[in-house]
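Just follow the structure's listing: the first ligand is 1, and inside any ligand the first atom is 1.
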Amino acid sequence: MRLENKVALITGGGSGIGRESCLLFAAEGASVVVADTNEETAAETTRMIRDNGGQATHVRADVSKAADCQAMVRHAEETFGKLDILFNNAGIMHSADSDAVHTEEKIWDLTMAINLKGVYLGCKYGVPALRRAGGGSIINTASFVAIVGAATPQLAYTASKGGVLAMTRELAVVHARENIRVNALCPGPLRTELLMSFLNTEEKKQRRLVHVPMGRFGEAKEMAYAALYLASDESSYVTGTEFMVDGGLTAAYVTPE
Ligand code: NAD
């Protein structure tokens with residue numbers, strides 16, 4: 001198994017990429033801490049793992065709150081004795097997020113608090129835990145919109161993910177000699193609740209798919225497999241990367257008909 005004897009904490013573990021990663025990491029031998037603001041869905045993920053014979057616990061945590069991030073890391077160490085893998089994955093894409101003219105400041109602030117500050121707070125409390133474990137792997141979920149501009153405006157989201165990418169590079173450099181690797185996962189557009197509720201008409205969905213050479217949305221499970229590689233020792237010489245898992249979106253100038 002690829003994550004045997006590892007302890008992984010995954011934020012946003014109640015849904016989408018986070019849930020699929022919890023399930024996959026547990027199936028590969030990791031003990032998993034499912035962190036989410038939604039305690040019910042986090043508990044459901046935990047149940048699913050245990051039903052498959054895996055090890056899991058869940059904790060209610062809002063990643064924009066320092067006390068919650070401190071508590072989720074403590075929960076991991078108290079329950080499973082250490083922390084090896086921190087997957088800062090929780091994020092929102094607010095339906096009122098738009099262009100500069102129309103995005104309200106409160107939507108900007110909320111998006112930054114969860115998507116960007118949440119990653120900083122995860123690392124603030126997670127890095128000392130990884131040090132105590134002798135090193136480890138941090139994965140931060142960014143997005144393809146951190147690399148290329150989105151056709152459907154979502155300025156706060158885009159800016160927050162650009163910040164995640166910049167932060168990931170610096171974290172990788174700063175902690176490289178401590179055996180702590182830090183990588184960003186850059187998903188393309190996925191068929192998850194988060195994006196489908198934002199692209200809520202067929203026209204908006206098609207507008208987005210025009211840019212994807214593969215001509216389809218990605219699946220959360222496809223992100224989980226990419227995260228598994230970054231979490232495991234197989235990626236032991238990989239740090240500071242922006243791992244694109246986007247159906248070719250950022251490679252394309254013109255997509256095939
Ligand atoms: P999702 O909505 O299915 O899951 C997100 C989870 O995060 C939910 O369980 C939610 O309760 C939780 N969450 C929200 N705010 C939180 C907070 N403050 N603290 C803790 N948990 C919180 O979304 P997803 O598609 O799985 O997205 C996961 C990550 O992937 C996000 O960072 C998102 O920005 C990124 N992403 C998604 C897509 C896509 O197309 N879906 C594309 C690129 C990047």
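- In this structure, F243 and Y229 have perpendicular ring planes: the angle between them is above 60°, well past the 30° mark.
- Each of G12, G14, S15, G16, I17, D36, T37, A61, D62, V63, N89, A90, G91, I92, I114, T141, A142, S143, Y157, K161, P187, G188, P189, L190, T192, L194, L195 has a non-hydrogen atom positioned under 4.0 Å from some atom of ligand 1.
- For K65, the salt bridge (charged side-chain N to carboxylate O under 4.0 Å, His left out) partners at least two apart in sequence or on another chain are D62.
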Do any side-chain atoms of residues 12-21 form donor-acceptor pairs under 3.5 angstrom with protein atoms, and if so which ones, sequence neighbours left out?
| from | atom 1 | to | atom 2 | distance (Å) |
| --- | --- | --- | --- | --- |
| R19 | NE | T45 | OG1 | 2.8 |
| R19 | NH2 | G14 | O | 3.3 |
| R19 | NH2 | T41 | O | 3.0 |
| R19 | NH2 | T45 | OG1 | 3.4 |
| S21 | OG | I17 | O | 2.7 |

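- Scanning all heavy atoms of the two residues, the minimum distance from A35 to M72 falls at CB-SD, 4.0 Å.
- Here the side chains of I138 and H175 are not in contact, with every heavy-atom distance at 4.5 Å or above.
- The salt bridge (charged side-chain N to carboxylate O under 4.0 Å, His left out) search around K82 returns D84, not counting sequence neighbours.
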